[in-house]
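Quick note: numbers below take in every heavy atom, side chains included, and nothing from hydrogens, waters or symmetry partners.
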Amino acid sequence: MYGLWKPRVLGSWKVPATGPVILAVNHSHNLDGPMVIGVAPRASHFLVKKEAFVGPLGPFMRAVGQVEVDRSTADRTAVTRALDILKNGGVLGIFPEGSRGEGDFAALRAGLAYFAVRGGAPIVPVAVLGSSEQRGRLIKALPPLRSRVDVVFGDPFDAGDGSGRRTRKALDEATERIQKQLAAHLDSARRLTGR
């Protein structure tokens with residue numbers, strides 16, 4: 001990432017050095033996941049749609065520990081792998097909006113709350129800014145080479161209410177708390193970076 005673009009990484013020290021943690025990343029461009037993987041202070045395993053595991057990229061992504069997810073069904077294999085990552089003290093990366101969009105954390109899916117509550121892992125909000133501002137001249141699907149992309153890590157927080165409940169209502173309440181925290185982090189990151 002540092003060879004192709006100019007990442008400016010802020011707050012990476014906020015990622016806990018040990019133990020399970022979830023990186024909740026906004027998603028407005030294909031580059032967001034690889035950028036966070038490339039600049040994060042710990043090795044991370046992202047939940048990635050199965051459609052991205054095509055050609056030679058598929059075996060590479062599996063080899064570096066990314067988790068293939070079938071979004072058309074309740075993918076128990078992916079859920080089990082993700083929970084195992086957390087159980088073993090690893091870093092799980094999630095795009096809580098479920099797919100690429102505005103990257104504003106406006107509409108979250110319940111998966112993030114489920115993994116945070118069930119895995120007992122704090123959430124670190126991550127804002128990637130600048131990846132979708134311009135199109136490159138050589139490769140239109142990517143930002144211009146050597147352009148600046150900001151990656152801002154926020155303060156870790158717990159999604160649960162401390163009760164240990166895992167009911168549907170508890171997960172819905174956790175999702176609301178998470179959405180507020182992520183939106184506040186994104187606003188703060190925009191002010192901090194001027195984007």
Side-chain angles (χ1 to χ4, degrees), residues 9-29 32-33 35-37 39-42 44-49 66-67 69 71 74-75 78-87 89-129 131-132 150-193 195:
V9 182
L10 305 169
S12 61
W13 56 271
K14 295 178 181 183
V15 177
T18 60
V21 67
I22 296 173
L23 301 179
V25 183
N26 68 324
H27 196 22
S28 61
H29 194 280
D32 299 338
M35 181 62 71
V36 173
I37 290 168
V39 303
R42 292 176 60 188
S44 54
H45 309 274
F46 270 75
L47 293 175
V48 181
K49 64 183 179 181
Q66 305 317 308
V67 180
V69 178
R71 297 181 302 171
D75 189 339
V79 169
T80 301
R81 286 196 57 214
L83 289 172
D84 284 346
I85 288 165
L86 295 173
K87 185 169 74 174
V91 178
L92 179 65
I94 296 178
F95 299 111
E97 297 160 294
S99 62
R100 233 177 17 259
E102 295 299 313
D104 59 3
F105 294 125
L108 303 189
R109 294 187 172 201
L112 174 56
Y114 174 80
F115 287 118
V117 171
R118 177 89 191 273
I123 297 171
V124 173
V126 183
V128 179
L129 303 170
S131 59
S132 60
D150 293 322
V151 181
V152 184
F153 293 88
D155 293 316
F157 66 92
D158 291 319
D161 61 4
S163 69
R165 295 179 305 134
R166 295 184 194 166
T167 63
R168 182 72 197 163
K169 183 178 180 195
L171 291 178
D172 288 345
E173 291 169 357
T175 299
E176 281 184 42
R177 282 190 295 279
I178 291 167
Q179 197 278 331
K180 288 177 184 169
Q181 290 271 11
L182 297 181
H185 171 68
L186 185 59
D187 287 343
S188 174
R190 285 179 172 150
R191 283 192 307 275
L192 182 66
T193 61
R195 292 191 164 209

Query - Heavy-atom pair with the smallest gap, counting every atom of Gly154 and Val124 - result: O-CG1, 3.4 Å
Query raised in the report: Applying salt bridge (charged side-chain N to carboxylate O under 4.0 Å, His left out), which residue pairs with at least one partner in residues 112-127 are found, sequence neighbours left out?
Result: none
Query - Distance in Å, Leu171 CG paired with Glu176 CD, rounded so as to fall on 0.5 Å steps - result: 12.0 Å
Query raised in the report: Of all residues at least two apart in sequence or in a different chain, which pass the salt bridge (Lys or Arg N to Asp or Glu O under 4.0 Å) check with Asp75?
Result: none
Requested in this report: Would you please name every residue forming a side-chain contact (heavy atoms from CB on, under 4.5 Å) with Arg177, sequence neighbours left out?
Outcome: Asp161, Glu173, Ala174
Report task. State which residues pass side-chain contact (heavy atoms from CB on, under 4.5 Å) with Val9; sequence neighbours excluded, sorted by chain then number. Result -> Tyr2, Pro7, Ser12, Val39, Phe153
**Report entry** Set of side-chain contact (heavy atoms from CB on, under 4.5 Å) partners for Ile37, sequence neighbours left out
**Finding:** Ser44, Phe46, Gln66
Report task. Flag the pair Asp172 and Arg168 as a salt bridge only when some basic side-chain nitrogen lies within less than 4.0 angstrom of an acidic carboxylate oxygen. Result -> yes
Query raised in the report: What residues form a side-chain contact (heavy atoms from CB on, under 4.5 Å) with Leu10, not counting sequence neighbours?
Result: Arg8, Val152, Leu192, Thr193
Query - Test salt bridge (Lys or Arg N to Asp or Glu O under 4.0 Å) applied to Asp158 - qualifying residues, sequence neighbours left out - result: none
Query raised in the report: If you take all heavy atoms of Pro20 and Leu86, which pair is closest and at what distance?
Result: CB-O, 3.2 Å
Query raised in the report: Between Leu47 and Ala82, which heavy-atom pair has the shortest distance, and what is it?
Result: CD2-CB, 4.1 Å
Query raised in the report: With a 4.5 Å limit on heavy-atom distance, are the side chains of Thr80 and Asp84 in contact?
Result: yes
Requested in this report: Return each pair, listed once, that meets salt bridge (charged side-chain N to carboxylate O under 4.0 Å, His left out) where at least one residue sits in residues 9-21; pairs must be two or more places apart or across chains.
Outcome: Lys14-Asp155
Query - Spacing of Ile94 atom CD1 and His27 atom NE2 [to the nearest 0.5 Å] - result: 13.0 Å
**Report entry** Non-hydrogen atoms of Val79 and Tyr114 that approach each other most closely
**Finding:** CG1-CE2, 3.9 Å
Query - Member of Leu112, Thr175, Ile123 meeting the side-chain contact (heavy atoms from CB on, under 4.5 Å) criterion with Pro96 - result: Leu112
**Report entry** Straight-line distance of Asn26 CG to His185 NE2, nearest 0.5 Å
**Finding:** 8.0 Å
**Report entry** Residue pair Leu83 / Phe115, side-chain heavy-atom distance below 4.5 Å
**Finding:** yes
Query raised in the report: With distance as the sole test, does Arg195 use its side chain to make a donor-acceptor pair with the main-chain N or O of Leu129 at under 3.5 Å?
Result: yes
Requested in this report: May I have all residue pairs that pass salt bridge (charged side-chain N to carboxylate O under 4.0 Å, His left out) and include part of residues 20-29, sequence neighbours excluded?
Outcome: none
Query raised in the report: About how many Å separate CZ of Arg81 and CG of Leu92, when rounded to the nearest 0.5 Å?
Result: 10.5 Å
Requested in this report: Please report the shortest heavy-atom distance between Val91 and Ile85, naming the atom on each side.
Outcome: O-CG2, 3.8 Å
